[in-house]
Amino acid sequence: LFMLALRLADPGMLRPELARMVPPDALGHAAAVWIDDGMPERTTEVLGPLFEQTDILDERHEYSFDVLMDALQAQGLEARRYALAQRVAGARNRQLASAARGRMVSMLADSGETRAAWALFKESQRYDPENPQFWHLELTLLLSEDRTEEARMRSSVLAAKARRAGLMDLAEMLTDMGTHGLPGAQDWEGDDL
């Protein structure tokens, strides 16, 4: 009900002090619909203020963070997007900080800064060694550098790790990436990440 009400709410009703009272995952899901409806500016306006104070955020804010990052990207606001990821990477909550670090790694790789991307990836792995999002990210980095044989070998190890963690969808995706490359990730529709 929260998500339905939020999707239809007037943006003026979603002032920061009111938005903070809404469950963050419901707010994130409503904001994702606004992006799909061609309103990324509304998403940025509503979600942006939530991430000004990272010390009060936790893992429940991760989806809203991802949606806000997508909204900024849809608007071409790359500098603002990177600044947000840097700020959230310093959050107290490890899961949320790891999500931001993963986004930063991807952004660095996308801009051709592979050395910096790998350095941040390794630092992030040390920070949160059992975070499954880094398993997928490692293969993505390898494949983006056309290191397909290395990615194929690592995919077996990482898929086994995912199975041991009970993340069967992720294990399947990692195996697909090892076999089919990046299209194996793009076609994936699992729920583990």
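Values below: all heavy atoms of this structure, side chains included; hydrogens, waters and symmetry mates excluded. In this chain, residues are counted from 1 in sequence order.
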Compare all side-chain heavy atoms of T140 with those of S106 and state whether any distance is below 4.5 angstrom. no

Pairing residues for T54 by the side chain to side chain donor-acceptor pair (under 3.5 Å) criterion, not counting sequence neighbours: none

Shared hydrophobic cluster for M173 and V157 (ILVMFWY, side-chain gaps under 4.5 Å): no

Pairs where residues 140-167 contributes a residue and the test ring-ring contact (aromatic ring centres under 6.0 Å, His included) is met, not counting sequence neighbours: none

Do M107 and Y127 sit in the same hydrophobic cluster, where Ile, Leu, Val, Met, Phe, Trp and Tyr count as joined when their side-chain heavy atoms come under 4.5 Å apart? no

Determine the minimum heavy-atom distance between M104 and A85, stating which atoms define it. CG-CB, 3.4 Å

Please examine the side chains of R152 and M177, heavy atoms only from C-beta on, and report whether any two atoms are closer than 4.5 Å. no

How many angstroms lie between CD in Q53 and CG in L57, if you round to the nearest 0.5 Å? 8.5 Å

May I have all residue pairs that pass ring-ring contact (aromatic ring centres under 6.0 Å, His included) and include part of residues 97-121, sequence neighbours excluded? W118-F121

Does S155 form a side chain to side chain contact (heavy atoms under 4.5 Å, CB included) with T175? I'd like the steps, not just the answer. CA-CA 6 Å; S155 72; T175 300; 5.8 Å; no

With sequence neighbours left out, what residues match E150 under salt bridge (Lys or Arg N to Asp or Glu O under 4.0 Å)? R147

Sequence-distant partners of A151, side chain to side chain contact (heavy atoms under 4.5 Å, CB included), two or more places apart: L139, L142, L143

So how far is it from L174 CG to H136 NE2, rounded to the nearest 0.5 Å? 7.5 Å

To the nearest 0.5 Å, atom CE of M69 lies from atom CD of Q73 at 8.0 Å

Does anything in residues 62-90 pair up under salt bridge (Lys or Arg N to Asp or Glu O under 4.0 Å), and if so which pairs, sequence neighbours excluded? D66-R103, D70-R103, E78-R81

Hey, can you pull the donor-acceptor pairs under 3.5 Å for the side chains in residues 158-168, sequence neighbours left out?
none

Are Q95 and Q133 close enough, and set up right, to give a side chain to side chain contact (heavy atoms under 4.5 Å, CB included), and what steps lead you there? CA-CA 10 Å; Q95 184 174 327; Q133 77 169 310; over 6 Å; no

Any donor and acceptor pair, going by atom type alone, linking the side chain of H61 with main-chain N or O of D58 inside 3.5 Å? yes

Minimum side-chain heavy-atom gap S64-F51 below 4.5 Å: yes

Contacts of A71 meeting side chain to side chain contact (heavy atoms under 4.5 Å, CB included) (sequence neighbours excluded), chain-then-number -> I35, P40, T43, T44, Q75

So, for V67 and G28, which heavy atoms are closest and what is the spacing to 0.1 Å? CG2-O, 3.6 Å

Under the ring-ring contact (aromatic ring centres under 6.0 Å, His included) rule, collect the residues that match up with Y63, sequence neighbours excluded. H29

Not counting sequence neighbours, list each pair that qualifies as a salt bridge (Lys or Arg N to Asp or Glu O under 4.0 Å) and has a residue in residues 105-132. R101-E123

Suppose the criterion is ring-ring contact (aromatic ring centres under 6.0 Å, His included): which pairs have a residue in residues 75-115, not counting sequence neighbours? none

Are any of the side-chain heavy atoms of F65 and L50 separated by less than 4.5 Å? no

Partners of E138 by salt bridge (Lys or Arg N to Asp or Glu O under 4.0 Å), sequence neighbours excluded? R154

